[in-house]
Amino acid sequence: MTAPENSDTPISLPRIGDPAPSFTAVTTEGTVNFPADYAGKWVILFSHPADFTPVCTSEFITFASMQAEFAAYNTELIGLSVDGLYSHIAWLRTIKDKISFNGHSGVEVKFPLIEDITMSVARQYGMIMPGEDNTKAVRAVFVIDPAGMIRTIIYYPLTLGRNFDELLRVIKALQTAETFGVATPADWRPGDRVIVPTAGSCGVAADRMDGRVDGVECEDWFFCTKEISADDVEAGIRKG
Ligand code: BEZ
């Protein structure tokens, strides 16, 4: 379904496990049909409040400087604000020509930035939170998998810049869970022990608790972990 091209689009909030709402949009890299153009790839679709604002500028420099790292995990970036295309172009040129942040300067933003002056996409994705601001998108992050399903949603308010190490960690954790059939505990990073699926029978629970399953260690029958080395994680998920 293509979103109606006006701001009457109701504000909706897609949920984890839903298909990513589809739209066609003009971007700084040409027209995008979302999510069809990204089939087979992970995508981080994110919104920012406005062009030519400092927190957003710091975020774009950081995202752009990490684009190759995300691409190594088959992950593409696509941004959105409710500004128009010419504003986006002017802002991205300014970032490249004039702005330094955290040791990065001359940064060229090569991922698409969606123009959404009608707020059609922003409303479809629940990026407008009227209690925070009626006319600007909050800092939303949607992680969408290669099948076009929403796998993670994170929101930040206007004044809080995102943590990009966390966004990369989310990508690695989602892909690790899928590749190895495990879950990842609090603060997991590649190389930390992972959670094995909870025993589905008394026999499996007993085997694990009695140490009969190689490499699996249990705190209790429902909380068992195993090692996957950082090298094995990287070998399993890294594509580039
Ligand atoms: C910023 O990106 O700096 C910003 C944008 C909107 C409200 C507050 C800060």
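In each ligand, atom 1 is the first atom listed, and ligand 1 is the first ligand listed. The first residue in the sequence is number 1, and the count goes up from there. Keep in mind that the numbers below use all heavy atoms, side chains included, and drop hydrogens, waters and symmetry copies. Keep in mind that what you see is a predicted model, and the values were worked out from it rather than measured.
- Considering backbone and side-chain N/O atoms, Pro54 comes within less than 3.5 Å of an N/O atom of ligand 1.
- Under the rule for a ring-ring contact (aromatic ring centres under 6.0 Å, His included), Tyr73 has no partner lying at least two apart in sequence or in another chain.
- Heavy-atom distances between Glu132 and ligand 1 stay at or above 4.0 Å for every pair.
- The minimum heavy-atom distance between Asp192 and Asp187, with the atom names listed, is OD2-O, 3.8 Å.
- Annotation: Thr53 places an N or O atom under 3.5 Å from an N or O atom of ligand 1; distance criterion only.
- Note: an N/O pair closer than 3.5 Å links Arg139 and ligand 1 by distance alone.
- Among all non-hydrogen protein atoms, the one lying nearest atom 3 (O) of ligand 1 is Val55 N, 2.7 Å.
- Near Cys56, meaning under 4.0 Å from any of its heavy atoms, are these atoms of ligand 1: 1 (C), 2 (O).
- Closest of all the heavy-atom pairs between Arg208 and Pro197 is NH1-O, 2.8 Å.
- The protein heavy-atom contact nearest to atom 7 (C) of ligand 1 is Leu158 CB, 3.7 Å.
- The closest side-chain donor-acceptor pair between Ser81 and Asp83 falls under 3.5 angstrom.
- Of all heavy-atom pairs spanning Ala122 and Asp116, the tightest one is N-OD2, 2.8 Å.
- Ala50 does not count as a contact of ligand 1, since none of its heavy atoms falls under 4.0 Å from the ligand.
- Looking at ligand 1, you won't find any N or O of Pro49 less than 3.5 Å from one of its N or O atoms.
- Within the 4.5 Å cutoff, no side-chain heavy atoms of Phe111 are placed close to those of Thr27.
- In this model, no donor atom of one side chain and acceptor atom of the other lie less than 3.5 Å apart for Asp51 and Thr53.
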